[in-house]
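Both counts, for ligands and for their atoms, begin at 1 and track the order of listing. Residue indices begin at 1 and follow the sequence shown.
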Amino acid sequence: MDSYTEHKRAEKLEKLPFLCYGGDYNPEQWTEDVWLEDMELMKEAGVNFISLGIFSWAMIQSDENVYDFSWMDKIMDLLHKNGISVDLATATASVPPWVYQRYEDVYPVDAEGSRIWYGSRQSYCPNSPNYRRLAGNLAAAIAERYKDHPALAMWHVNNEYSCHVHACYCDTCAKAFRKWLQRRYTSLQELNSHWGTTFWSQRYHDWEEIIPPRKTPTLRNPSHVLDYQRFMSDSILDCYLHERDILKRLTPQIPITTNFMGHWKPLDLHKWAKSIDIVSWDAYPDPSTDNSRLPNALDHDLMRSLKGGSPFLLMEQAPSQVNWRHVNSPKRPGQNRLYSYQAISRGADGIMYFQWRQSLRGAEKFHSACINHGADAKSPALTRSRSRVYEEVARIGTEMKQLKSISGARTPAQVGIVYDYEAWWAAEYEPRPNGNIGYRDMISDYYRYFFSHNIPVQFVSQEASLEGFDFVIAPYLYMLKESFTPKIEHFVREGGIFLCTFFSAYADESDGIFPEGYPGPLRSILGLEVEEIVPLQKDEFVDLVFHELSVSDKRNCSDQEKPGKLKIEGRGQDWCEHVHPLYDDVQVIGEFASDFVSGRPAVTKFNIGKGSSYYVATRPEKAILDAMLTGVCSSSGIFPLLETPEGVEVTIRSRDSKSWLFIINTTNQEQHIRNTHYAGKDLLSGENLTLHDDLLLFPEDVKVIELN
Ligand code: GAL
């Protein structure tokens, strides 16, 4: 794309009605008198942005060359007239029945060879030539129709790619997989060697012998499985790129998104994000448990990280309950607002709901919406529409207008956490040494510390630059990419702190164990080698003792303990390793104190160049991990934005020379914060905060302080 068009696209991104507020709107389910009422209610609720047409393929196209845009023309005009911009879908997520009747290749097939039928939604083979062709035609027809429409603000390609069909195993995919493999390995000999096909008589003598990793009597080849995960993520990405290229050609100035699903294993989102103008995602935390706050925050931070810290859109959240859990708890009064602020505080430039008006028919009729059942225009609508849920939606909409100035603001982070999809896939091949530990659990263990201490983090892939970070953590990095090793070495030598955990750098990119043993090429950076792994049963623990744990952060220990060194005892769970330091100057910070690894290193530190690397050979209990991380952080100049009581989240966003501090009291009690060391003005209440003020937070209070 030339720089003029790039500039136009950037201009259009800036012109979006940020902060966006609205949701999925499905007017095709309603009569036109309801549309008019919707316009009034949307304006009242501060809605300025809606997603249109996501599941409308069958409504728009009834045959190969037969399109009907009449209803969409009307609603696009109506929305524009009411000052509401449109995130227009390409409508390719759900294929109409007539397509399946005509084209067999559109059906996806599962690993057992069974066809996955239509009659629900989002059922298609990503490599189907007919699906790709028809989806491209539809995207082009919609773009041609609306490319100059003033309501068009953004493209919404497809919807939640891979949501229901994570992978397809049909013959078309088999063919495409062979081609993908030929590009990756160039010769069959190479492939055989990377996949280790001398094992179990799996050697391939002809490319045609290779099939997708379908159902087998016992364990499948892990390298084959890993490559198929890569191939599927790429195949689905190709579906997106096919539509994206058409849209880019027809409307180069309109930004393009597709909505992700946060913690979602099938797609390598770091790779995807490169071809997306603005990241958007759908968040459905379980409101019945406070435990959903952390994973939800993690996903927001991950989404913000995908484009190096750029703002994202929260494309969907439920105004109250969903319909797909076993018991669907509502968001209690105030909860929607707290979740919404959690998103904004972590980088969202917009809050959108699924959906605007609750469906009367179909599988989602019990999913909440901004306008509840019973608010039909034929009933005394304008009274019924103002439900508890709607009132809260409207309150948030009003507040969004007060926060306009923060749009585009980013969150600087000193801490990077490696969140690498290929490493995740490889680490979770089943069975593995300890099936009780998942990749995400390990990420969460470390993330939890930063979340609860109000320290911003950014997630990175192994491909990312480590520049700008002071501390990089790589939990459970089982599969190490060749290009990552020199990057870590450079990072540490130049003064960075690197920490990695057990079960890291065991395997190369095709899931072959490094011949030199664990942790492969990281041995010289970490200064150790691992002789043996000891996975622990759920009720087994290993004792730990730390003689020299340096706790230089005075905030987290009692008066008798500060300053200096502490002896701490505790336990590790799930895993330990028999570790040998390779050099005399490797410091053993913590030791195992039970089992046959007793007396062996559990946590080590090794100084190289201007920096150091840490290795943690077990999963320490929270108190120990906290003490360890506090020590590392404070010695690297990494401190909490603010010390807060449990349940109060603090984040920061900055743009140009301005910064906004978010303080969210997620508890239903008053909370006090002593000596805030910030001065500024709360954009919500208008109150001023002066330096060193104590702060009283009311239950579920939110403050957005524009700092002086
Ligand atoms: C999302 C989807 C929406 C709606 C919502 C319900 O996954 O994109 O269309 O189904 O879930 O929670």
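- Heavy atoms of H367 found under 4.0 angstrom from ligand 1 belong exclusively to the side chain.
- Checking only distances, D24 never comes within under 3.5 Å of ligand 1, N or O to N or O.
- Between Y107 and W117, the angle of the ring planes goes over 60°, which puts this pair in the perpendicular group of the 30/60° scheme.
- Taking only nitrogen or oxygen atoms, main chain and side chain alike, N259 does not reach within less than 3.5 Å of ligand 1.
- Close approach of ligand 1 to D282 is summarised as follows: ligand atoms under 4.0 Å from at least one heavy atom of the residue are 8 (O).
- Applying the side-chain hydrogen bond (donor to acceptor under 3.5 Å, both in side chains) rule to pairs touching residues 320-334 yields nothing, sequence neighbours excluded.
- Contacts between I54 and ligand 1, counted as non-hydrogen atom pairs separated by less than 4.0 Å, are absent for every part of the residue.
- The closest side-chain donor-acceptor pair between Y118 and Y124, if any, does not fall under 3.5 angstrom.
- Within the 4.5 Å cutoff, no side-chain heavy atoms of F69 are placed close to those of M76.
- The nearest protein atom to atom 9 (O) of ligand 1, hydrogens excluded, is given as R121 NH1, 3.1 Å; this is a heavy-atom distance.
- Under a 4.0 Å criterion applied to the non-hydrogen atoms of F55, ligand 1 contributes the atoms 9 (O).
- Taking the six-membered ring for Trp, Y339 and Y341 have ring centres at least 6.0 Å apart.
- The distance between the ring centers of Y100 and Y131 does not fall below 6.0 angstrom.
- For the pair N323 and ligand 1, the shortest N or O to N or O distance does not fall below 3.5 Å.
- Remark: minimum distance from atom 5 (C) of ligand 1 to any protein heavy atom is reached at Y284 OH, 3.4 Å.
- What sits closest to atom 7 (O) of ligand 1 on the protein, heavy atoms only, is E160 OE1, 2.4 Å.
- Nearest protein heavy-atom contact of atom 3 (C) of ligand 1 is E316 OE1, 3.3 Å.
- Looking only at heavy atoms of the protein, atom 4 (C) of ligand 1 is closest to E364 OE2, 3.2 Å.
- Within ligand 1, the atoms closer than 4.0 Å to a non-hydrogen atom of W324 are 6 (C), 12 (O), numbered from 1 in the order shown.
- Note: Y169 and Y228 have parallel aromatic rings, judged against thresholds of 30 and 60 degrees for the angle between ring planes.
- In summary, the side chains of E44 and Y390 do present a donor paired with an acceptor at a separation below 3.5 Å, with no hydrogens or angles considered.
- Ring centers of F354 and Y284: at least 6.0 Å apart, outside the cut-off.
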